[in-house]
Amino acid sequence: SETIQEATFKILNELFGEYGLVVLIADNERLKSVMRPVFEKDILEKESSRIVDSTISQLAEAGLKVQANPRSINLFYLKDDLRERFTENGTGFHVHNTDLKFSKEDILAELEKHPEHFSPNVILRGLYQETILPNVAFIGGGGELSYWLELKDLFEFYQVPFPVLVVRNSFLIIDEKWNDKIERLNCEEVDLFKPEHELLTEFVKRQSKKELTLDKEREELKKYYDDLRETTGKIDKSLLQHIAALEKKAKNKLDAFEKKLIRAEKRKYAEEQKIIQDMKASLFPNNGLQERAESFLSFYARTGRKFIDCLYEHSPALEQQFVILRVH
């Protein structure tokens, strides 16, 4: 392909065309002409910046992370190989990193004659796509949905229907090579989300024939201090606080000793510890979700189209569930 746009169009169509995917290339004069009133208002009145800034402030107060900040003008100048943002100074409008300048009259004339030369940035992009191709729902990750929430008041201002926001499906793909190892560790798939040290501790407790927990001793300790409190309370209740401190100190020492027992037993399972380390590093790269580090291409290269078919078949649609999928 001659352009990244064309190449992207082709690969998406090749991968997902049979599922009914429609790809619309929005860089089009007729489509952008629909946005002339919005683009003009953004250039002259800075409405988008004002509205989104207000929404962002409300979201920040609610504890949501800001995903995108508006500029005073939220448009790029797009022509041939050039795509640079508009800025404004006292004498008119300037295309960043170029010598191109427009007066107010010139930029409005350019918008009227060549709307395709105006490209919306991240703040106006959602409004543009929902204007030319309205959607019932927008499906995306957490960060994407937070970004769309920033645009809600902007949609209301321009009277464009705002789509229902739906969290996309998430998958953990477990390769066949890990299946035997998971069975060897005698753990459930959901256990894989636990920290590495916790996984090993639970495995050691299951495998070891020795008593590694001090629950019985904790019960005896509690009974001892309960009896001591009852006796002391009859003599001097002011000493009860001191007994509570002694009990807490004793519990802490018991907990610390239990950890030493488990650490000592763990040293006998070095091979299993290495398996857990390797498995966690593979399934949760950098202690994060697999989907944030792995591309689907590595799986697609091995299994081809049936990998996408498998994802499609096991997608829970609108149910908010995390899917653990074993690939054979």
Side-chain angles (χ1 to χ4, degrees), residues 1 4 7-21 23 137-145 166-210 212 262-328:
S1 299
I4 292 177
T8 304
F9 180 93
K10 286 179 179 178
I11 194 171
L12 286 174
N13 183 65
E14 178 66 26
L15 291 173
F16 307 113
E18 68 180 61
Y19 296 102
L21 175 71
V23 180
F138 177 85
I139 302 171
E144 291 173 297
L145 299 194
V166 179
V167 179
R168 61 167 170 77
N169 298 150
S170 286
F171 289 83
L172 172 65
I173 311 298
I174 301 178
D175 280 332
E176 187 174 10
K177 67 179 180 180
W178 296 117
N179 288 337
D180 291 340
K181 293 180 173 61
I182 291 172
E183 291 176 9
R184 176 176 173 177
L185 294 172
N186 192 26
C187 65
E188 302 291 333
E189 286 98 338
V190 70
D191 293 331
L192 300 176
F193 289 86
K194 295 177 180 178
E196 185 181 307
H197 70 88
E198 193 173 325
L199 264 175
L200 182 60
T201 298
E202 291 181 359
F203 172 78
V204 170
K205 285 180 178 179
R206 286 195 300 268
Q207 295 297 115
S208 180
K209 296 179 180 179
K210 304 177 181 67
L212 297 176
I262 294 172
R263 279 199 300 270
E265 189 68 8
K266 278 182 179 179
R267 288 194 283 270
K268 301 175 184 178
Y269 295 91
E271 186 177 345
E272 286 77 11
Q273 183 172 13
K274 181 67 166 56
I275 290 174
I276 290 173
Q277 289 173 344
D278 292 343
M279 185 169 59
K280 290 287 290 185
S282 175
L283 300 181
F284 298 90
N286 303 314
N287 291 318
L289 290 179
Q290 185 187 55
E291 65 186 28
R292 294 180 180 170
E294 278 281 3
S295 166
F296 87 98
L297 287 170
S298 61
F299 302 104
Y300 187 85
R302 294 197 296 273
T303 63
R305 177 166 295 280
K306 72 176 185 179
F307 176 69
I308 296 178
D309 292 336
C310 187
L311 293 180
Y312 184 81
E313 180 184 350
H314 291 90
S315 170
L318 297 177
E319 291 83 358
Q320 299 299 297
Q321 297 176 353
F322 196 105
V323 181
I324 301 174
L325 192 60
R326 293 200 186 197
V327 177
H328 299 284

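From a predicted model like this one, the values you see are computed outputs, not experimental measurements. The figures here come from the full heavy-atom set of this structure, side chains too, leaving out hydrogens, waters and symmetry mates.
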Quick one: [atom1] on [X] to [atom2] on [Y], what's the gap to the nearest 0.5 Å?
X: T201; Y: I276; atom1: OG1; atom2: CD1; answer: 8.5 Å
X: I173; Y: S298; atom1: CD1; atom2: OG; answer: 9.5 Å
X: E18; Y: N13; atom1: CD; atom2: CG; answer: 10.5 Å
X: C310; Y: L325; atom1: SG; atom2: CG; answer: 4.0 Å
X: W178; Y: E183; atom1: CH2; atom2: CD; answer: 14.0 Å

Closest approach of [X] and [Y], non-hydrogen atoms and distance?
X: L15; Y: R305; result: O-NH1, 2.9 Å
X: I324; Y: V190; result: CD1-N, 4.1 Å
X: I182; Y: M279; result: CG1-SD, 3.7 Å
X: F299; Y: Q290; result: CZ-NE2, 4.0 Å
X: I275; Y: L185; result: CG2-CD1, 4.3 Å
X: L192; Y: L283; result: CD1-CD1, 3.9 Å

Which residues pass the side-chain hydrogen bond (donor to acceptor under 3.5 Å, both in side chains) test with [X], not counting sequence neighbours?
X: S1; result: K10
X: K194; result: D191, E202
X: K274; result: D278

Pairwise side-chain contact, [X] with [Y], heavy-atom cut-off 4.5 Å (strictly under):
X: R302; Y: D175; answer: yes
X: I308; Y: Y19; answer: yes
X: T8; Y: V23; answer: no

Any sub-3.5 Å donor-acceptor pair from [X]'s side-chain atoms to [Y]'s backbone N or O?
X: S315; Y: Y312; value: no
X: E144; Y: G141; value: yes
X: N169; Y: A317; value: yes

Original post:
Quick one: salt bridge (charged side-chain N to carboxylate O under 4.0 Å, His left out) pairs with a partner in residues 280-299, sequence neighbours left out?
Top reply: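 Passing the test, one end in residues 280-299: R168-E291.
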
Subject >> Residues which pass ring pair (Phe, Tyr, Trp, His ring centres under 6.0 Å) with F16, listed by chain and number, not counting sequence neighbours >> reply: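 With neighbours one apart ignored, the set is empty.
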
**OP:** Could you list the residues that satisfy ring pair (Phe, Tyr, Trp, His ring centres under 6.0 Å) with F322, not counting sequence neighbours?
**Re:**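 Only F193 meet the ring pair (Phe, Tyr, Trp, His ring centres under 6.0 Å) criterion with F322.
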
Original post:
Do other residues, nucleotides or ligands put more than 12 heavy atoms under 6.0 Å from L297 CG?
Top reply: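 It does: L297 CG has more than 12 such atoms within range.
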
Original post:
Has L12 got more than 12 heavy atoms of other residues, nucleotides or ligands less than 6.0 Å from its CG?
Top reply: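 Yes, enclosed.
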
